[in-house]
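Notes follow once the structure below has been shown.
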There are 2 protein chains.
Amino acid sequence: MDVRTICLGILTRGDATGYEIKKTVEEDGHRHFAEASFGSIYPALNRLTEEGLVSVRAEAQEKRPDRKVHTITRAGRRAFVASLMEPLPEDRHRSPFVFAMLFADLLPKDHVSRMLGAYIAHTEEKLSRLQQADAKPRREGERFADGLVTAAYAAVLDYLRIQRAKIETTAAQAAE
Amino acid sequence: MDVRTICLGILTRGDATGYEIKKTVEEDGHRHFAEASFGSIYPALNRLTEEGLVSVRAEAQEKRPDRKVHTITRAGRRAFVASLMEPLPEDRHRSPFVFAMLFADLLPKDHVSRMLGAYIAHTEEKLSRLQQADAKPRREGERFADGLVTAAYAAVLDYLRIQRAKIETTAAQAAE
DNA sequence: GTTTGCATGTAAACGGTTACATGATTGG
DNA sequence: CCAATCATGTAACCGTTTACATGCAAAC
């Protein structure tokens, strides 16, 4: 999803500054399937404002840049819903880790082992944060999304734990 | 993974033209976690050649551009292994579908239903092609990667089938 | 005392995609 | 007859990341 649409979506849930949008995208409810950096959020918000899909009010602050609080307009809401209604781009998944595992036979065994360990730990951590998030009440859409991501991660973890030994055996035994 | 590294990796399995590399990346063994287009493969291959990580021999063909068959060099192999040994970039997953589900409450119920149906069908298709691929013998790394992707898709499908009704209920009942 | 949080923005660079150009052959 | 396969390449464009600029306050 492009940053434009991400911004609009987050603003349907309430007013926000660019800074707050960034924080929201980094939360577990979003970060597993969407991304946006400052460098793309701020220009997107300005363009959206020019186009009348968003309005801004500046809140003055001392010794700090003004907070620019953005509100989605009625036109913005319409545009957002319309963009969700037209054919969605396909999912895109990139995993350097899985790609690397394709070539386990070319890598030293202990390195493969470390990669697996790190990836498993990393996935466990994501899972446990998702499960914490599951406690507090959320909109149904968020519950659904978190649940889906949780199911996927849990399945991957299961697989990794069971198959780990087998792929490690494939690795080159010694070597540089 | 950048296209450079993808090209090198595929070439460790045998000589290939840019065209063949593209085809390989599009196969089930790769496409679920790596991508590359012609516009990035051809320049990458040329740069790799300049750098001495790859060598080329042109095979003349009538009425068609020469096949430029690329072979990875010893330096190329070393560079490839080295790139897999240094800290891997994180996985990146983008799912416009899951993002859209976050806002199911803003969309007409029948549209949400269609989106779910399409996504489920799409995932089923991926799964069945992976399971077919599972029949023919492959390198252990490929078996591992396919298995992992299969496990993830299967879990997602399960979740979708069970939760579908619940998220549909969340959708706005009527109209645009 | 250093890191983190708050808060905005720009410019350059990067990596990649899309569309185009070219064109024969084979299969449906 | 049209679509797909084979085969390479370029140029324009696009969205994004990275680094920079600025700077106080609070927490550790």
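Lettering of chains follows the sequences in order, A, B, ..., and the numbering in each one begins at 1. Every value quoted in this text rests on a predicted model; they were computed, and no experiment measured them.
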*Test salt bridge (charged side-chain N to carboxylate O under 4.0 Å, His left out) applied to Asp105(B) - qualifying residues, sequence neighbours left out*: Arg13(A)
*Looking at residues 90-98 of chain B, who's got a heavy atom less than 4.0 Å off DNA chain C?*
none
_Checking Glu90(B) now: which residues fulfil salt bridge (charged side-chain N to carboxylate O under 4.0 Å, His left out) with it, not counting sequence neighbours?_
none
*Sequence neighbours excluded - ring pair (Phe, Tyr, Trp, His ring centres under 6.0 Å) pairs with any residue from residues 130-153 of chain B*: Tyr159(A)-Phe144(B), His32(B)-Tyr153(B)
*asked:* Distance check needed: dA11(D) P versus Asn46(B) CG, whole Å only.
replied: 13 Å
*Among the candidates dG9(D), dT16(D), dG9(C), find the nucleotide nearest to the side-chain atoms of Lys68(B).*
dG9(D)
*Other hydrophobic cluster members with Val56(B), side-chain heavy atoms of Ile/Leu/Val/Met/Phe/Trp/Tyr under 4.5 Å, chained?*
none
*Bending between helix ends of the helix from dG1(C)-dC28(D) to dG28(C)-dC1(D) [5 pairs per end, 10° resolution]*: 60°
*Between Arg161(B) and Glu124(B), is there a salt bridge with N-O shorter than 4.0 Å?*
yes
*Give a yes or no on whether a salt bridge exists between Arg47(A) and Glu50(A), defined as a side-chain N under 4.0 angstrom from a carboxylate O.*
no
_Which Ile, Leu, Val, Met, Phe, Trp or Tyr residues join Ile162(B) in one cluster when any pair of side-chain heavy atoms under 4.5 Å counts as a link?_
none
Atom pairs, protein N/O to nucleotides 20-23 of chain C N/O, distance under 3.5 Å:
none

*In Å and rounded to the nearest 0.5 Å, what is the NE2 to CG distance from His111(B) to Leu106(B)?*
12.0 Å
*To the nearest Å, how far apart are Glu59(B) CD and dC6(D) P?*
15 Å
*Considering residues at least two apart in sequence or located in another chain, which fulfil the side chain to side chain donor-acceptor pair (under 3.5 Å) criterion with Tyr19(B)?*
none
*Neighbours of DNA chain C within residues 16-44 of chain B, by heavy-atom distance under 4.0 Å*: Ser37(B), Gly39(B), Ser40(B)
*Below 4.5 Å, heavy atoms only, C-beta onward: do Leu148(B) and Val156(A) meet side chain to side chain?*
yes
*Pick out which of Arg31(A), Lys126(A), Arg138(A), Arg129(A) makes a salt bridge (charged side-chain N to carboxylate O under 4.0 Å, His left out) with Asp146(A).*
Arg138(A)
_My understanding is that only residues two or more places apart in sequence, or in another chain, count here; which of them pass salt bridge (charged side-chain N to carboxylate O under 4.0 Å, His left out) with Arg67(B)?_
Glu20(B), Glu59(B)
_Pairs meeting criterion ring pair (Phe, Tyr, Trp, His ring centres under 6.0 Å) with involvement of residues 73-96 of chain A, two or more places apart_ = Phe80(A)-Phe103(B), His93(A)-His93(B)
*Let me know the distance between CG of Asp66(A) and C1' of dC24(D), rounded to the nearest Å.*
15 Å
*Find the distance Asp2(B):CG to dC14(C):P and express it as a whole number of Å.*
13 Å
*asked:* How many whole angstroms separate atom CG of Leu45(B) from atom C1' of dA7(D)?
replied: 13 Å
